Amino acid sequence: MGISRLGFIVGLIWFMAMDWQVLCMAQSNVHHYNFVLQQAQFTRLCETKTMLTVNGSFPGPTIHARRGDTIYVNVHNEGEYGVTIHWHGVKQPRNPWSDGPENVTQCPIQPGKNFTYEVILSDEEGTLWWHAHSDWTRATVHGAIVISPANGTTYPFPAPYAEQTIIIGSWFKGDVKAVIDEALATGGTPNISNSLTINGQPGDLYPCSEENTYRLNVNSGRTYLLRVINAVMNEEQFFGIAGHSLTVVGQDAAYIKPITTNYIMITPGQTMDILVTANQPPSYYYIASHSFADGPLAPYDKTTTTAIFQYNGNYSRPSSIPLPVLPIFNDTAAADNYTSRVRGLASSDHPVNVPQTVNRSLYITVSLNFLPCTEATCINSTRFAASMNNVSFQFQPIDILQAYYRSINGVFDADFPSEPLKYFNFTGNVTGINVATGRATKVTMLNYGEAVEIVFQGTNLLDAVNHPIHLHGFSFYLVGHGKGNFNNETDPKSYNLIDPPEINTVALPRSGWAAIRFVANNPGKGVVHPLSLGKALKLGHGHCSHREERQNKVTKYAPSSGVPAVLLLVLCNIASEANACLIKI
């Protein structure tokens, strides 16, 4: 009888487990993708070159999933150097090993090796993207992540007739790795791109490009959802469609209150979901994008990329195609006006849960600095560097996350300053201020569950430019931003704590500040870094202990001893990324 009863209990447990598994599978799905990093030939701007791609395409393949799904991506590296892939905007709850920053959460995937990423979606819904997180490889290795509403739910707006991904990118005639290697060798800034692109094509305004200009075919009267991604290496973008209004309904895979506008300002790393109705006389209309660059000295790509918004039907092709009226390249007011209109949807289905009070506050300056340059290839005695609170990131021979979880001493110091060590008029006349910085690997330990506020402060050291800043492992609420120096007594009074946008990438204004809030509830991970003026993250190909094959599920979770912690790791780096800083959380 005991055996019979035991068999009944085992059978019941098995039945309940299978029933639970079926229920979970009904609620979310698992997807599998194979990415092959390989060289491929492309011809643009009258010249042919070989470059690193995923599966031979530029941009790379689009990942499709639904909210709450899990995605496994097996990355095979058939290239010539180590590369990692980052899933930009995916929170990856308790799964830092698959986040992707090279030498931070993992070592690079070496040539001839493969690594399977587990990409865990949680509450993201909308558009995100993936990209290489090694040197400037992301210029050619990137693609979209389209996250549809969960089964049984729908958009908080009328369903569109169709949708299309629009990726704005950069094109370099030369090898992008050579571009960054030269900057590292000389201590200077990287060369600017030769063109911008829309879905891999420069467009009609560039030589040898008209035949392959991207076309978006539309039917009169229909509404389309455009998923716009700024994958440009360095510059914010003004983007629009001639003769058509844009209704922006989402940003960084979270819904916002609809904004009707003739243009958007989208910073590198950001994504926006836009509704556009084909309500004009059937014809051709240019989709166009050009740089927003209000810094006085920083070089930028001065070209304009185009695609064609082309109506289906019988009509004569126009003799000339109209361009959208976009703000001029340095129209700071237009950029600010757009950014200030963005508000979270704050509905019952898509609430805003911004912390009303905070447990931890950090005030972080973002600066362009100098480090010594002593190599024979240096053009002078200094090289450009970026810093946060005057700390520029120092590479280590082991990935930082591994050092933390394995309690390996001597890899990082837990004393990153919570405020600048020296105060001055950050956005005023900085003549006479020492622009030198030092290198170190420093972190701040955040307690699990803490409500955190970070105020990023731009400075005028060497050059004042916008700094797009991205946070890995979390979305955050942009509660405030402004010009000049942050005032901790008066500026918080203007915070939006009702319906701030929930985003993962924010543009720190030139000579200004931005305040964000989030809850530190994802143990072990998260990254913040400016992305432009060479602002793309440079983590280098250091001598990292290779553990690409390791898929240790136990270490996905917090250490067993004590309360789980969240690392705030400063990774501001050297010459190649003049304004690139990264905070690893």
Side-chain angles (χ1 to χ4, degrees), residues 81-84 86 92 94-110 113 115 133-135 184 360 362 364 371 385-418 421 437-448 471-474 520 522-529 537-577 580-585:
Y81 48 87
V83 178
T84 61
H86 170 54
Q92 293 276 39
R94 293 180 177 263
N95 189 30
W97 304 106
S98 282
D99 189 50
E102 180 181 287
N103 289 43
V104 179
T105 62
Q106 71 174 107
C107 297
I109 306 167
Q110 295 301 302
K113 301 290 186 179
F115 181 87
H133 216 291
S134 308
D135 286 332
L184 285 170
R360 182 76 68 92
L362 295 99
I364 300 177
L371 283 170
S387 73
M388 284 185 173
N389 283 350
N390 207 35
V391 178
S392 190
F393 178 64
Q394 175 67 56
F395 297 106
Q396 297 296 335
I398 188 171
D399 60 273
I400 308 302
L401 189 63
Q402 183 181 169
Y404 166 65
Y405 273 98
R406 294 179 177 273
S407 300
I408 300 173
N409 295 324
V411 178
F412 59 82
D413 298 316
D415 61 352
F416 174 73
S418 60
L421 298 180
T437 186
R439 301 182 67 183
T441 309
K442 294 179 178 291
V443 310
T444 289
M445 304 297 293
L446 302 177
N447 294 321
Y448 181 83
L471 172 60
H472 292 223
F474 297 86
N522 196 3
K525 71 179 300 290
V527 178
V528 179
H529 56 91
L537 182 65
K538 163 70 172 71
L539 289 176
H541 300 292
H543 299 291
C544 193
S545 301
H546 305 305
R547 296 179 181 271
E548 297 90 352
E549 298 82 3
R550 178 168 56 86
Q551 300 283 322
N552 191 335
K553 301 301 181 183
V554 175
T555 55
K556 282 175 56 178
Y557 302 96
S560 58
S561 57
V563 178
V566 180
L567 269 70
L568 183 62
L569 171 60
V570 177
L571 305 180
C572 294
N573 35 301
I574 60 174
S576 59
E577 314 306 330
C581 302
L582 175 145
I583 300 177
K584 176 65 191 159
I585 296 178

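These values consider heavy atoms only, across backbone and side chains, with no hydrogens, waters or symmetry-generated copies. Remember, predicted model here, so these are calculated numbers, not experimental data.
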Over all atoms of both residues, closest heavy-atom pair of Thr84 and Pro101: OG1-C, 4.2 Å

4.5 Å side-chain heavy-atom contact, Gln106 and Leu401: no

Shortest non-hydrogen separation from Gly100 to His133 and the atoms involved: O-CB, 3.7 Å

Non-hydrogen side-chain atoms of Gln92 and Phe474 separated by less than 4.5 Å: no

Gap separating the CD1 atom of Ile408 from the CD1 atom of Ile398, nearest 0.5 angstrom: 3.5 Å

Taking every non-hydrogen atom, the tightest pair across Asp399 and Cys107: OD1-SG, 3.6 Å

Sub-4.5 Å side-chain heavy-atom contact between Pro108 and Val83: no

Rounded distance (nearest 0.5 Å) linking atom CG of Asp135 with atom OH of Tyr81: 7.0 Å

Residue pair Ile364 / Phe416, side-chain heavy-atom distance below 4.5 Å: yes

Contact summary for Asn522 and Tyr448, nearest pair of heavy atoms: N-CE1, 4.3 Å

Donor-acceptor pair between Asn390 and Thr437 side chains, under 3.5 angstrom: yes

Residue pair Ser392 / Leu371, side-chain heavy-atom distance below 4.5 Å: yes

Interatomic spacing from NE2 in His86 to OG1 in Thr105 - rounded to 0.5 Å: 9.0 Å

Side chains of Asn103 and Gln396 in contact at under 4.5 Å (non-hydrogen atoms): no

Residue list, salt bridge (charged side-chain N to carboxylate O under 4.0 Å, His left out) with Asp415, at least two apart or on another chain: Lys442

Worked verdict on Trp97 versus Tyr405 for ring pair (Phe, Tyr, Trp, His ring centres under 6.0 Å): CA-CA 11 Å; Trp97 304 106; Tyr405 273 98; 5.4 Å; yes

Heavy-atom side-chain proximity of Val411 to Ile400 below 4.5 angstrom: yes

